[in-house]
Amino acid sequence: MERLANYINGELSPPVAGRYLDNPEPATGLIYSQLPDSGGEDLDLAVAAAEAAFPDWSAATADHRARVLQRLARLVRDNAAMLARAESVDNGKPISVAATVDIPRASANLEFFAAAATQFHSEAHATDHNTLNYTLRHPLGVVACISPWNLPLYLFTWKIAPALAAGNCVIGKPSEITPMTAYLFSRLCQDAGMPPGVLNILHGTGPGIGQQIVDHPGVKAISFTGGTATGARIAASAAPRFRKLSLELGGKNPSLVFADCDWERTLEGTLRAGFSNQGQICLCGSRVLVEASIYERFRDAFVEQVEAMTVGDPLDPDTSQGAVVSAAHMEKILGCIDTARQEGGRVLCGGGRVQPDAARCRDGWFVAPTLIEGLGPDCRTNQEEIFGPVVSLSPFDGEEDAVAQANATRYGLAASLWSRDVDRCHRMARQLEAGMVWVNCWMLRDLRTPMGGMKDSGVGREGGFEAMRFFTEPKNVCISYR
Ligand code: NAD
């Protein structure tokens with residue numbers, strides 16, 4: 001059975017203590033590889049390697065850093081088919097999603113920040129005729145990037161690329177649930193000529209090596225993407241040591257459908273928003289709010305579309321719904337569906353575990369795409385992040401009610417708005433409490449824009465140069481001259 005390795009000081013290294021964790025394939029439930037269960041000794045080695053690499057990497061020209069990132073981007077592109085397959089096996093997502101979303105976007109992240117490195121600049125302010133302020137931006141040193149399992153390589157690269165571009169050395173920790181693509185990526189780093197110690201990748205559990213990384217005195221900043229409860233724990237650990245923090249957390253995002261929407265485009269868009277990656281994207285629209293005058297017609301068409309989706313072997317290119325990521329996560333999702341029933345929700349389709357046709361997937365972790373209606377905004381189903389293929393449908397009565405229902409959660413990550421009334425779209429975009437509002441689209445991304453949410457969906461997240469600035473220490477120089 002394949003054993004994955006950490007990536008420390010440019011080498012693939014087994015865990016010092018020799019402990020491993022099993023890594024199952026969600027589509028079959030079978031263990032297919034093992035990952036290091038890293039500990040403090042591995043972390044000390046990684047931090048020492050990163051500290052040793054920092055002087056040269058931070059002093060290297062922007063061009064040099066850009067070239068390393070570009071080579072990595074190209075290697076990810078050249079190995080896209082292999083990486084997409086690996087991610088589909090590791091995560092349970094349809095290979096078509098890995099091949100068209102995750103891997104191309106991972107390569108684009110590296111490409112974007114390679115270019116940004118060469119364009120990064122600091123500010124200067126002519127205060128008056130004889131005073132000038134300018135700001136130096138020093139990279140912080142050794143920083144931590146901790147990423148989740150739902151878009152493994154895409155979100156891992158989204159975090160490490162700006163940190164590296166800004167001249168930092170990185171301790172990366174991918175999710176223990178989906179370690180494979182980060183491991184394959186560490187092999188590509190070797191091929192790309194990444195200088196030893198600049199990027200180090202440690203595998204293992206969140207409460208174990210993850211928490212140790214957060215607590216390590218050598219780590220100057222933490223960029224984290226994951227659940228809100230984990231984010232709160234990390235924030236509590238980092239606060240007394242004044243570590244810089246960027247937290248990209250959970251969501252409970254509304255899709256708002258108005259009677260004047262473009263019908264086909266809206267059906268297709270809200271379906272994709274609800275069920276892409278089995279609903280396991282932080283940005284998924286898990287609450288579909290529909291204007292009352294078209295509610296029943298939209299609901300019936302939506303049910304028809306959901307029932308037509310194929311749940312199947314993730315490695316089959318025609319599968320649109322793969323497995324959910326783990327047995328524990330499947331149980332959590334099924335528990336949420338039970339809760340919805342107890343709360344008085346009516347299950348319109350799906351509602352339980354399902355077995356796809358492929359024989360090898362007999363014991364895999366598959367949940368039928370599920371639609372529920374009849375629940376008010378305050379119930380748990382409409383408040384808590386389920387993070388699975390479960391969408392709740394509710395009617396609204398006018399813009400004011402739509403905004404009130406949309407904003408009635410602790411989260412504020414994303415919203416999508418479906419209407420042909422331009423005035424309304426602008427009006428509502430201002431009122432929605434969400435870090436990202438999509439109008440007549442979903443999940444389109446421009447890497448220059450801030451990424452992340454309001455309220456309990458996170459803090460300190462940014463895009464473009466701001467993502468690089470997060471990984472720097474500003475120092476202002478004020479000069480008075482005669
Ligand atoms: P998670 O919080 O369980 O784990 C995320 C990462 O943190 C993993 O690598 C895990 O090992 C690590 N971790 C766990 N406990 C830790 C600790 N105490 N100290 C340090 N690291 C620790 O999240 P998950 O289940 O992997 O991912 C799903 C969640 O991520 C969902 O809530 C989803 O909404 C959120 N998410 C948010 C975004 C965003 O951009 N806002 C993107 C993707 C996913």
Side-chain angles (χ1 to χ4, degrees), residues 21 23 26 35-38 43 90-91 93 101-102 105 109 144-160 171-179 181-182 201-216 219 222-238 243 245-253 276-286 324-326 328-330 332-333 336 384-388 409-414 434-436 443 445 447 449-463 467:
L21 302 164
N23 186 29
L35 62 139
D37 182 9
S38 306
L43 177 57
D90 208 33
N91 175 280
K93 72 177 55 190
V101 180
D102 297 59
R105 287 191 178 200
N109 286 338
C145 294
I146 302 177
S147 56
W149 51 259
N150 62 327
L151 301 162
L153 193 61
Y154 173 14
L155 293 178
F156 187 70
T157 50
W158 165 244
K159 309 198 90 54
I160 63 166
I171 310 293
K173 197 201 95 58
S175 169
E176 62 273 37
I177 300 172
T178 53
T181 42
I201 301 177
L202 294 179
H203 295 276
T205 68
I209 189 63
Q211 186 68 48
Q212 285 178 301
I213 293 172
V214 169
D215 292 337
H216 197 288
V219 169
I222 301 147
S223 173
F224 169 80
T225 300
T228 293
T230 315
R233 203 165 306 129
I234 290 174
S237 304
R243 290 295 180 257
L245 262 189
S246 161
L247 301 172
E248 296 181 0
L249 309 176
K252 189 72 189 176
N253 313 301
S276 286
N277 205 31
Q278 298 75 250
Q280 301 169 125
I281 299 180
C282 53
L283 307 162
C284 273
S286 55
V324 298
V325 81
S326 68
H329 193 54
M330 179 183 72
K332 180 203 151 179
I333 295 166
C336 291
E384 294 171 12
E385 188 183 41
I386 298 172
F387 218 56
T409 79
R410 62 190 285 230
Y411 296 107
L413 187 54
M436 183 79 202
M443 232 184 67
R445 186 92 174 87
L447 295 178
T449 62
M451 165 68 203
M454 300 176 172
K455 305 199 287 192
D456 289 4
S457 290
V459 286
R461 68 286 141 175
E462 287 294 353

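These numbers come from the heavy atoms of this one structure, side chains and all, not from hydrogens, waters or symmetry mates. Indexing begins at 1, ligand by ligand and atom by atom, following the structure's order. The residues of the chain are indexed from 1 along the displayed sequence.
For Val214, every heavy-atom contact with ligand 1 shorter than 4.0 Å involves the side chain, none the backbone.
Within the 4.0 Å cut-off (strictly below), a protein heavy atom is located near atom 32 (O) of ligand 1.
At the top of the distance list for atom 35 (C) of ligand 1, counting protein heavy atoms only, stands Gly226 O, 3.1 Å. From the protein, the heavy atom lying nearest to atom 12 (C) of ligand 1 is Ile146 CG2, 3.7 Å. In terms of protein heavy atoms, atom 20 (C) of ligand 1 is closest to Gly210 C, 3.1 Å. Of the protein's non-hydrogen atoms, Glu176 OE1, 3.6 Å is the one closest to atom 10 (C) of ligand 1. Gln211 OE1, 2.8 Å is the protein heavy atom nearest to atom 18 (N) of ligand 1. At the shortest separation from atom 27 (O) of ligand 1 among protein heavy atoms lies Pro148 CB, 3.3 Å. Residue, atom and distance of the protein heavy atom nearest to atom 38 (C) of ligand 1 are Cys282 SG, 3.0 Å. Looking at atom 28 (C) of ligand 1, its nearest protein heavy atom turns out to be Phe387 CE2, 3.6 Å.
Looking at Trp149, Tyr411, Trp158 and measuring to atom 26 (O) of ligand 1, the nearest heavy atom belongs to Trp149. When Ser147, Ser175, Gly206, Cys145 are checked for heavy-atom proximity to atom 6 (C) of ligand 1, Ser147 turns out nearest.
Judged by distance alone, with hydrogens and angles left aside, the side-chain atoms of Ser457 form a donor-acceptor pair with the main-chain N or O of Gly412 at under 3.5 Å. A distance-only check finds no donor-acceptor pair linking the side chain of Lys252 to the backbone of Glu385 [under 3.5 Å]. Side-chain atoms of Lys159 never come within 3.5 Å of backbone atoms of Gly172 as a donor-acceptor pair (strictly under, hydrogens ignored). Of the possible donor and acceptor atoms, none in the side chain of Glu248 sits under 3.5 Å from a partner among the backbone N and O of Gly458. Under a 3.5 Å cut-off, the side chain of Gln212 and the backbone N or O of Leu43 do not form any donor-acceptor pair. No donor-acceptor pair closer than 3.5 Å links the side chain of Ser147 to the backbone N or O of Thr225. A donor-acceptor pair is defined here as one N or O able to donate and one able to accept, closer than 3.5 Å; no such pair exists between the side chain of Asp456 and the backbone of Tyr411. At distances below 3.5 Å, at least one donor-acceptor pair connects side-chain atoms of Arg243 with backbone N or O atoms of Val219. Between the Thr449 side chain and the Arg445 main chain, no donor and acceptor come within less than 3.5 Å of each other. The closest donor-acceptor contact from the side chain of Asn253 to the backbone of Cys282 lies under 3.5 Å.
Checked by distance only, ligand 1 and Thr230 come closer than 3.5 Å through their nitrogen or oxygen atoms. Of the polar atoms of Leu249, at least one N or O is found under 3.5 Å from an N or O of ligand 1, judged by distance alone. Residue Arg233 has no N or O atom closer than 3.5 Å to an N or O atom of ligand 1. On a distance-only criterion, Phe224 and ligand 1 share no N/O pair closer than 3.5 Å. Backbone and side-chain nitrogen or oxygen atoms of Glu385 are examined, and one is located within less than 3.5 angstrom of a nitrogen or oxygen of ligand 1. The shortest N or O to N or O distance between Thr205 and ligand 1 is not below 3.5 Å.
Considering every non-hydrogen atom in both Ala434 and Met454, the closest pair reads N-SD, 3.5 Å. Across Leu202 and Lys173, no two heavy atoms sit closer than the pair O-CG, 3.2 Å.
A donor-acceptor contact closer than 3.5 angstrom is absent between the side chains of Asn277 and Asn150.
Atom numbering of ligand 1 starts at 1 in the shown order; those under 4.0 Å from a heavy atom of Leu155 are 42 (C), 43 (C). For ligand 1 and Gly227, the ligand atoms under 4.0 Å from any heavy atom of the residue are 1 (P), 2 (O), 23 (O), 29 (C), 30 (O), 32 (O). Residue Asn150 has at least one heavy-atom neighbour below 4.0 Å for each of these atoms of ligand 1: 43 (C), 44 (C).
Residue contacts with ligand 1 include Met451, since one of its heavy atoms falls under 4.0 Å from the ligand. Residue contact check for ligand 1: Pro174 places a non-hydrogen atom closer than 4.0 Å to it.
Residues passing the side chain to side chain donor-acceptor pair (under 3.5 Å) test with Asn91: none are found, sequence neighbours excluded.
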